[in-house]
Structure formats: structure tokens, C-alpha cells
Engineer: 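Handing you this structure, nothing more for now.
Positions are given from 1, in the same order as the sequence printed here.
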Amino acid sequence: MKPAEVQDRADRAPVIVGVGQVVDRPGHAASGLQPSELMAQALERADADGKGGWLAQIDSLDLIHSVSWPYQDPLGAVTERLRLAPRHQNYGPVGGETPVRYLHEAACKIAAGEIEVAAVCGGEAEYTVRLAQRQEVDLPWLERSPNWQQPRDRSYLHPLARAHGLNQPVFVYPLYEVACQAAWGQTPREGLAESADLWAGLSQVAAANPYAFIREPRSAAEIAKVSPSNRPIAWPYSKLMVANPVVNQGAAFIVTSLARARAAGIQEDRLVHVGPGAAANELRDWLSRERYDQSVAQDRVLESVLAQAGLSGPEIEWVELYSCFPCVPKMARRSLQMASDRAISVTGGLTFFGAPLNNYMAHAIAAMVARLRDQPASCGLVYGQGEFVTKHHALMLGGGARPWPGEAHARERAEAQVVPTAAPAVATEATGSIRVESGTVLFGRDGIPTHGVVVGRSSDNARTLARVPASDQRGIDALMRLDRTPVGRMARLYKADDGLLECAFD
């Protein structure tokens, strides 16, 4: 490569120049900020954080999918408010990994010279929407789309999963938790303790974050114990272990080239370089995957980022591991070979910081930028996830002039491909007994079990689902024992009156 080409590549290195966050907690719904206002304020703060003048230069804007108040024209709600006219505008799909993906894609385009200045923003106001329902207030916000449809379409899931009520992440991630505990040689009691310790650490980080929605530190004992304020959701997770979407939060960041940032007079220690990244997906239908004690796509993404960066997990100073449910960062930190006492977040996690639906990782990127500016020679890993342990995206960020490899911004690494695995057949009909792969118990809002579900393998190794009726106390207890995992146990199948399979433990 000629010297001029080397210099041109260095000049086009993508850097984050500004980040902005907003948190809103109104006492009355009528005074709450709507999502477009949260996004606009976050963009204005990101612009000011980068010394100003960037909004008029934005030629690419990615808007994170907003769910709490679906506008007829989401992009227009933001661009018209700020009088922006980006050449490229994109309103994204649902997915917790999308802020990382959009940053990665923007970095690739800037490195290729396709765009000069990119912005990513998102905002949610679910707290105000629910407050308005309780206070019986009509919100004076921009008109909602009359044709809006719930974006959480589950038609891609196997009919058997939907029939058993396993069509929401909060009911599926526990299956990974239970399977992982068994694979790691943990008793359920030990697994619960690890989760509670991790989440207590997240609460400490959130308590120090001015943009967090819950800033009260919680002890591991409090998180592990079921109580009226910590009701069970789906075994082994209770309310203080799951994402909290009832928040009002907005976040944005602005990315440009190193040469353009320097021309704007931004100090070098304020620039955060965007390093290598990777993406991969599991099969969307979780019932048709090979296993639940590991995410092959997660492992591939994290291994790829480390290999590209020339680092090991323990060498990374800061990490943000997606924390919608405990099994996600628990699997990730094992893949990264991180010590068990390492912090897994610079933000505070989706329970305590808050889960503004698809936009948490935009806040995490903003929080990571602050850490990297404090220690310009350090680097940080941001890892996001979407759907049912399905979509995975990770990206390395580095303060200062970290010499990431030249191929760090290869566009193909920002495109997620499904990782092939050897999935078993799924049987809607089965007889005899099954060997338990995993299982959970679902609870109503009153804290009483509605039913249990077992994922099991039949004698011909096909996978099926079987219900454990709430009336079968022995079966419910078997799924929730603290001293013995249900994984590996045998259960006898029989057909219920509604045609679904049920099972009883031997």
C-alpha cells in the first residue's frame, strides 16, 4: 500500500465525537416528554458534547425502532423537529442489538468514504404511556400511526412453542438458564446465587449513573428472594432479574472520520475510535436450535471480535454485556474467559438502568465513551443481543489512536449470517418418556404458577414440549428444586384433554 493510501485510510478512521442521553420521570403524564422529544434532546446533547455544529452536517441518520408511541412518520418526527435533512435515513427493525449494528455500519461507511457524518438515536416513553393510562390522560403527542401493528411478530416460532405459551423472551431465556446451570455443573441454588451477585453489581453501577431509572442499590440476597416487590416471573427469574421497559429514556451518538474530527478542533482524548466488530444469528425459531446450554452465534461473534482486535477477554478494560436476563452475560463472560468478579456493565443493566426497549445499547455506547475518555489508552467491548438469544452483535471501541487492524471495518463483518447447527427434529406427537433438556415454570401476576413446561428428547432423540399442570405440585417442585437440576431426569408423557402433551416426573 502506498504512503498516500495509508494516510487516507488513517484519515478516514471512524471516531465517535459526541454522545447524549436524556432521562425523564414526570409526576403527571401530561408533562412527560414524548419519544421524538427524547430523541431530539439526545441528539442536541450529542452535538454539544462534540463541540457543536454536527447536526447540520449529518448525512446519515439511523433511528432505533420505537415501540412505546408508534408515530406515523418516526423519522420525520425527529428530522422536522431539528430541521435535519440527512441524505440517508433509516428506521430500523426490532432488536436489542441494533444500536451496535448501526454504529458498526456507520463506521464501515465512513471508513469507505461513503458518508462523512452519521448519527444514531432512539427514545422510548413507556413510563409516561402507562402513567397516562392510570391517570386517564390523553397525551398531547404527535399522532400515532393508525396502521401500526405490534412489531413483536411471533409467527416465525414453532406452533408447538406458541401453544405452550413460550412466545415471549421472558419465558424462553429461563430455558437457557436452566440448561446452562446443568452444563456448568451448578445446582440451581448455585446458579441463582451467581445471577443475584451479577445483578447486585449492576444495581451498584446504575446507582452511580445519573441517567438510570432505578438508582437504589440492591443486595444479592434481596434480588434472589421472592417477595411482594420481587414476584416470580418464570423460574428461575424474578422481577429484579428481568429487563424493565417502563422507562423514559433517550440516547444518541455522532460518528465521523478522524480527519473531520481533527478539523473541528476536537481534542484527541475526546475521540473514541471504532474498532473491529462482528455479527451472527441463531435460527429464529428457538425450538429448532441444537442446544440451550450455549449460543454458538454468541461465541462466534465474541471470538471474532477478540481475534480481530488481537486481544483476549481479560485484556479488555471495559465491557458491556447485554443483560436482559442473567443467562446472557453469564454465557458471554465464560466465552470471554473473564474472571467471575469482573464488572459486566458500565451502564447498569436492563433491570436497574432501564430497558428502553431496543435502545439500551445506545445508552451503553454513551456510557462506554465516557469511560474511554477518562482512560484514553483503554478499550471497551459492547455486545448486544436481540429476540430469543437470536441476534448477536459486538464491537470494540478504543480511546486514543489505537492501531486497529486495517481490515477492522470490513463491511461483511457487520452483516449477520445464521450460524449452521445440527438441530434435532421437533415432534408434535410423542409417547413413552422424555429426557429433560430444560424446563421452566410460568407465573401469573399473583405469583402463583400457571403451569410448567419441559423441553425434552424422546427415545428417537426428537425434541418435544410437555406441560406440567399447576395442579401437579410434585412436577412443579421437581422443576424448581434448588438442590437438583431437572435436566437429565425422565418424565412420562400423556395427552391432555386439549390435545397438548403433558408429563409427570418418575
Engineer: Using a 3.5 Å distance criterion without hydrogens, assess whether the side chain of Thr464 forms a donor-acceptor pair with backbone atoms of Ala427.
Structural biologist: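 Yes.
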Engineer: Give a yes or no on whether Asp460 atom CG has more than 12 heavy-atom contacts from other residues, nucleotides or ligands under 6.0 Å away.
Structural biologist: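 Above 12, so yes.
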Engineer: Only distances under 3.5 Å count here; give the side-chain donor-acceptor pairs of residues 478-488 to other protein atoms, sequence neighbours excluded, each with its distance to 0.1 Å.
Structural biologist:
from: Arg481; atom 1: NE; to: Asp483; atom 2: OD1; distance (Å): 3.0
from: Arg481; atom 1: NH2; to: Asp483; atom 2: OD1; distance (Å): 3.2
from: Arg481; atom 1: NH2; to: Asp483; atom 2: OD2; distance (Å): 3.0
from: Thr485; atom 1: OG1; to: Val487; atom 2: N; distance (Å): 3.1

Engineer: With distance as the sole test, does Ser31 use its side chain to make a donor-acceptor pair with the main-chain N or O of His28 at under 3.5 Å?
Structural biologist: yes
Engineer: Decide if atom CD of Gln135 counts as having more than 12 heavy atoms of other residues, nucleotides or ligands within a radius under 6.0 Å.
Structural biologist: yes
Engineer: Could Glu216 and Arg218 be called an ion pair, given the rule that one side-chain N must be under 4.0 Å from one carboxylate O?
Structural biologist: yes
Engineer: Any side-chain to backbone donor/acceptor pair from Thr98 onto Gly95? Under 3.5 Å, distance only.
Structural biologist: yes
Engineer: Under a 3.5 Å distance rule, please check whether His363 uses its side chain to pair with a backbone N or O of Val22 as donor and acceptor.
Structural biologist: no
Engineer: Strictly under 6.0 Å, is that where the ring centroids of Tyr127 and Phe213 end up?
Structural biologist: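 So the answer is yes for these two rings.
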Engineer: Look only at the side chain of Asn90 and the backbone of Asp62, and say whether a donor-acceptor pair between them is shorter than 3.5 Å.
Structural biologist: no
Engineer: Is the shortest distance from a Lys or Arg side-chain nitrogen in Arg334 or Glu194 to a carboxylate oxygen in the other one below 4.0 Å?
Structural biologist: yes
Engineer: Under the side-chain hydrogen bond (donor to acceptor under 3.5 Å, both in side chains) test, which residues partner Ser229, sequence neighbours left out?
Structural biologist: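 If we apply the side-chain hydrogen bond (donor to acceptor under 3.5 Å, both in side chains) test to Ser229, skipping adjacent residues, the hits are Ser227.
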Engineer: Give the table of side-chain donor-acceptor pairs shorter than 3.5 Å for residues 499-506, with sequence neighbours excluded, one pair per line with atom names and distance.
Structural biologist:
from: Glu502; atom 1: OE1; to: Tyr494; atom 2: OH; distance (Å): 3.2
from: Glu502; atom 1: OE2; to: Arg467; atom 2: NE; distance (Å): 2.9
from: Glu502; atom 1: OE2; to: Arg467; atom 2: NH2; distance (Å): 2.9
from: Asp506; atom 1: OD1; to: Arg492; atom 2: NE; distance (Å): 2.8

Engineer: Aromatic rings Tyr383 and His392: how do their planes relate, parallel, tilted or perpendicular, breaks at 30° and 60°?
Structural biologist: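 Because their plane-to-plane angle is under 30°, the rings of Tyr383 and His392 count as parallel.
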Engineer: How close do Val120 and Tyr102 get, counting heavy atoms only, and between which atoms?
Structural biologist: CG2-CB, 3.8 Å
Engineer: Around Glu136, counting heavy atoms of other residues, nucleotides and ligands shown, do more than 12 lie under 6.0 Å from its CD?
Structural biologist: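 No, because the 6.0 Å sphere around CD of Glu136 holds 12 heavy atoms or fewer from other groups.
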Engineer: Between Phe353 and Tyr360, is the gap from one ring center to the other below 6.0 Å?
Structural biologist: yes
